[in-house]
Amino acid sequence: MNHGDHLFTLGVASGDPLPDAVVLWTRLASAPLAPHGGMTDIPIPVEWELALDSSFRRVLKRGIELATPADGHSVHVDVRGLEPASDYFYRFRAAGHISDVGRTRTAPPTAGTTRALTFAWASCQSWGDGFFNAYADMAAAAPDVVFHLGDYVYEKAIPTRGGQRNTTALPQSAHSEMTSLDDYRERYALYKLDPHLQQAHRTSPFIVTMDDHEVENNWAAGISEDSVPVPDFLYRRASAFKAWWENTPVRAELRPNGADMRIYRRFTFGDIAQFSVLDTRQYRSDQVNGDTDGPQNDFTARSDRTITGAAQQQWLLDGLASSTTRWNVLAHQTTIADLARTRNGARAVSMDGWSGYEASRTQILDGARERGVGNLVSIVGDIHRSVVSELKSTYTRPATTVGVELAGTSISSGGDGADSDESDKLLKAASPHVKFGNSQRGYVLNRLTHRDWQAEFRVADSVADPGAGLRRRATVRIPDGRPDIEVDEFRR
């Protein structure tokens with residue numbers, strides 16, 4: 001596509017699929033890295049079409065939405081009345097311009113048997129740390145749905161990309177940390193210009209949640225990492241939330257109300273999987289012990305500290321108790337499992353993950369066990385490495401394994417990782433519940449059936465080269481009915 005003054009420079013996307021509905025998204029930007037995306041203050045009618053074929057000979061639905069400057073000229077179309085487990089194609093038109101064609105897919109019907117589900121998940125895509133090679137590989141696999149588990153953008157200043165000092169194409173806001181709505185909008189525009197990311201969005205519907213860097217590193221509820229006054233931070237959070245909503249294929253009902261936005265929600269895919277998509281930032285207690293890796297203590301064990309908040313915790317447990325699917329999945333941000341390492345003779349864990357919120361972990365995992373929840377799997381991002389762990393309510397004394405946690409590596413954050421590094425060795429030495437680890441970049445591709453869960457960890461040897469491909473590094477099998485972990489590794 002020749003961008004020029006084209007209005008659809010940021011591509012198209014779909015998301016939040018239901019058995020009878022899906023959201024179609026685009027955002028108009030004639031000059032995406034210019035202020036306001038090069039757009040004027042005039043609302044623009046945007047036509048949309050949804051068809052059974054990519055040539056649009058069999059158009060099923062069409063309509064018009066208004067792209068307004070108040071919403072960054074974004075469009076969220078909630079298309080209803082669709083058939084379950086079906087592929088559809090969509091496109092947009094505005095002011096004489098036409099978008100690329102996207103493919104989407106609805107969720108399976110809630111009644112009956114769903115034979116299989118393919119899905120991928122990704123997280124942590126720092127534009128400055130490398131290229132988004134993984135998304136081209138993901139698009140080639142064309143999974144039924146993709147989960148993005150946070151850090152879709154990064155708030156810090158961007159000096160380079162993939163070690164290549166070339167800042168001429170960056171918007172001015174990219175040279176400093178994001179704080180205003182315009183800053184966040186321009187950062188999303190920069191990321192969404194990535195051709196591999198656009199390709200993945202065109203190919204599969206996404207279900208997206210956020211972690212910390214969409215706002216600020218390691219923020220907690222109304223508390224800033226930099227200890228700025230709460231009102232100032234909430235003003236920044238409101239700007240970040242608004243930009244996230246504008247640039248994400250989610251329903252209009254998720255639109256933030258100032259600095260508040262309910263993004264935890266549930267998706268059911270037939271009788272095969274229920275995904276509880278969590279928000280572990282907006283309702284959490286502040287991190288303790290200086291928010292640095294260290295031993296668990298009386299502060300991490302306090303019963304009044306939470307990572308989900310009381311309302312979300314109850315919503316989660318109620319949903320798990322009423323689930324009738326084969327697999328019960330927590331799709332969220334940070335690891336539940338203790339990923340311990342021995343430092344200076346002491347057992348050290350993250351204060352930002354669930355290790356720093358022991359009461360939340362115990363209440364949710366013991367609550368799931370007491371409710372008879374089977375085939376519990378936690379999928380997470382955040383840590384820039386792949387880690388497969390047994391899921392327990394505590395790791396400092398004997399405890400029953402209640403599920404499996406699959407942590408996926410970053411798309412690019414952290415730059416090129418190693419096939420085996422010192423951190424990985426320390427992790428495995430101090431954490432016997434860890435069954436696989438690797439710090440290379442990539443994503444996780446999964447196939448679920450009623451018999452088992454198969455996860456393929458796909459990695460790139462380098463993200464400094466936008467043409468570098470990915471390869472299979474390991475496959476993990478979880479059999480139905482028991483939280484066993486079978487790992488096959490594939491080394492060069």
Side-chain angles (χ1 to χ4, degrees), residues 119-125 134 145-152 206-214 218 263-267 273-282 284 287 293 307-308 312-313 316 320 327-340 349-358 360-361 364-365 368 375-393 395 401-411 413-414 417 424 427 431 433-439 441-446 453 455-459 474 476 478 483 485:
F119 79 96
W121 84 82
S123 67
C124 304
Q125 52 196 48
V145 65
V146 174
F147 288 79
H148 197 288
L149 301 181
D151 295 347
Y152 192 98
F206 273 53
I207 295 173
V208 185
T209 187
M210 69 164 64
D211 193 10
D212 54 339
H213 287 288
E214 288 88 349
N218 282 18
I263 61 173
Y264 65 87
R265 54 208 195 278
R266 185 172 291 117
F267 295 90
Q274 175 183 276
F275 293 86
S276 297
V277 180
L278 306 184
D279 176 353
T280 60
R281 288 288 162 195
Q282 198 172 171
R284 67 160 63 196
Q287 297 92 340
D293 289 5
I307 197 169
T308 63
Q312 184 179 191
Q313 177 175 302
L316 173 59
L320 289 173
W327 300 95
N328 294 286
V329 190
L330 311 183
H332 58 121
Q333 295 79 13
T334 60
T335 57
I336 296 177
D338 278 358
L339 301 186
V349 295
S350 168
M351 295 297 110
D352 188 58
W354 292 59
S355 300
Y357 300 82
E358 295 183 85
S360 278
R361 180 169 64 193
I364 288 174
L365 293 187
N375 289 340
L376 183 65
V377 180
S378 163
I379 62 172
V380 298
D382 180 64
I383 58 173
H384 305 173
R385 62 175 59 242
S386 302
V387 180
V388 178
S389 310
E390 296 172 336
L391 207 54
K392 302 172 184 286
S393 60
Y395 294 88
T401 299
V402 298
V404 175
E405 182 159 78
L406 306 174
T409 185
S410 64
I411 291 288
S413 300
D424 186 56
L427 172 63
S431 304
H433 51 278
V434 170
K435 304 305 178 183
F436 170 72
N438 176 274
S439 68
R441 306 297 157 234
Y443 74 102
V444 188
L445 182 63
N446 306 267
W453 176 312
E456 180 176 344
F457 289 78
R458 297 191 59 77
V459 301
V476 173
I478 308 167
I485 301 172

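Any value given below was found using the heavy atoms of this structure, including those in side chains, with hydrogens, waters and symmetry copies removed. Everything numeric here is computed off the predicted structure, so don't read it as measured data.
For F206 and F147, the distance between ring centers is not under 6.0 angstrom. No close placement of the W327 and F119 rings is indicated, their centers lying 6.0 Å or farther apart. Residues F457 and F436 place their aromatic rings such that the two centres sit under 6.0 Å apart.
Between the side chain of R361 and the backbone N or O of I336 there is at least one donor-acceptor pair closer than 3.5 Å. Between the R441 side chain and the S413 main chain, a donor and an acceptor come within less than 3.5 Å of each other. Remark: the backbone N or O of Y152 is paired with a side-chain donor or acceptor of Q125 at under 3.5 angstrom. The backbone N or O of N446 lies less than 3.5 Å from no partner atom in the side chain of E456, so there is not a single donor-acceptor pair. Of the possible donor and acceptor atoms, none in the side chain of S439 sits under 3.5 Å from a partner among the backbone N and O of R385. Judged by distance alone, with hydrogens and angles left aside, the side-chain atoms of S431 form a donor-acceptor pair with the main-chain N or O of L427 at under 3.5 Å. In this structure, the side chain of E214 does not engage the main chain of M210 through any donor-acceptor pair within 3.5 Å. Between the side chain of S350 and the main chain of G353, a donor-acceptor pair closer than 3.5 Å is present. With S123 contributing its side chain and L149 its backbone, the two residues share no donor-acceptor pair below 3.5 Å. Looking only at distances, a side-chain donor or acceptor of W121 sits under 3.5 Å from a matching main-chain atom of V380.
Residue S355 comes nearest to A337 through the heavy atom pair OG-O, 3.7 Å, listed as atom of the first residue, atom of the second, then distance. The two atoms that bring H332 and S378 nearest to each other are NE2-OG, 2.8 Å, heavy atoms only. The shortest non-hydrogen separation linking V402 to L376 is O-CB, 3.8 Å. Nearest heavy atoms, S276 versus R266: OG-NE, 3.6 Å.
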#### Entry: Criterion side-chain contact (heavy atoms from CB on, under 4.5 Å) on V388 and E390, from CA distance to verdict
CA-CA 7 Å; V388 178; E390 296 172 336; over 6 Å; no
### Query
Should S389 and E405 be marked as a side-chain hydrogen bond (donor to acceptor under 3.5 Å, both in side chains) after you check the CA-CA gap, both sets of side-chain angles, and the distance that decides it?
CA-CA 5 Å; S389 310; E405 182 159 78; 5.0 Å; no
### Task
Decide side-chain contact (heavy atoms from CB on, under 4.5 Å) for V208 and V146; before the verdict, give the C-alpha distance in whole Å, the side-chain angles of both, and the deciding distance to 0.1 Å.
CA-CA 8 Å; V208 185; V146 174; over 6 Å; no
### Message
Run the side-chain contact (heavy atoms from CB on, under 4.5 Å) test on T308 and W354 for me, step by step, so that the C-alpha distance in whole Å, both residues' side-chain angles and the decisive distance to 0.1 Å come before the verdict.
### Response
CA-CA 10 Å; T308 63; W354 292 59; 3.9 Å; yes
#### Entry: Check against side-chain contact (heavy atoms from CB on, under 4.5 Å), I207 and F275
CA-CA 10 Å; I207 295 173; F275 293 86; over 6 Å; no
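A distance of 9.5 Å separates CD1 of I263 from CG of L278, quoted to the nearest 0.5 Å. In this structure, the separation between CD1 on I383 and OG1 on T334 is 9.5 Å, given to the nearest 0.5 Å. Put simply, CD1 on I478 and CG on L406 are 4.5 Å apart, with the number rounded to the nearest 0.5 Å.
Classified by interplanar angle (parallel below 30°, tilted 30° to 60°, perpendicular above 60°), the ring pair Y395/H433 is tilted.
Judged by distance alone, the side chains of N438 and S386 never bring a donor and an acceptor atom under 3.5 Å apart.
Checking each of D211, D382, D352, T209 against Q333 for a side-chain hydrogen bond (donor to acceptor under 3.5 Å, both in side chains) leaves exactly one that passes, namely T209.
Under the 4.0 Å criterion applied to side-chain N and carboxylate O atoms, R284 and D279 are not assigned as salt-bridge partners.
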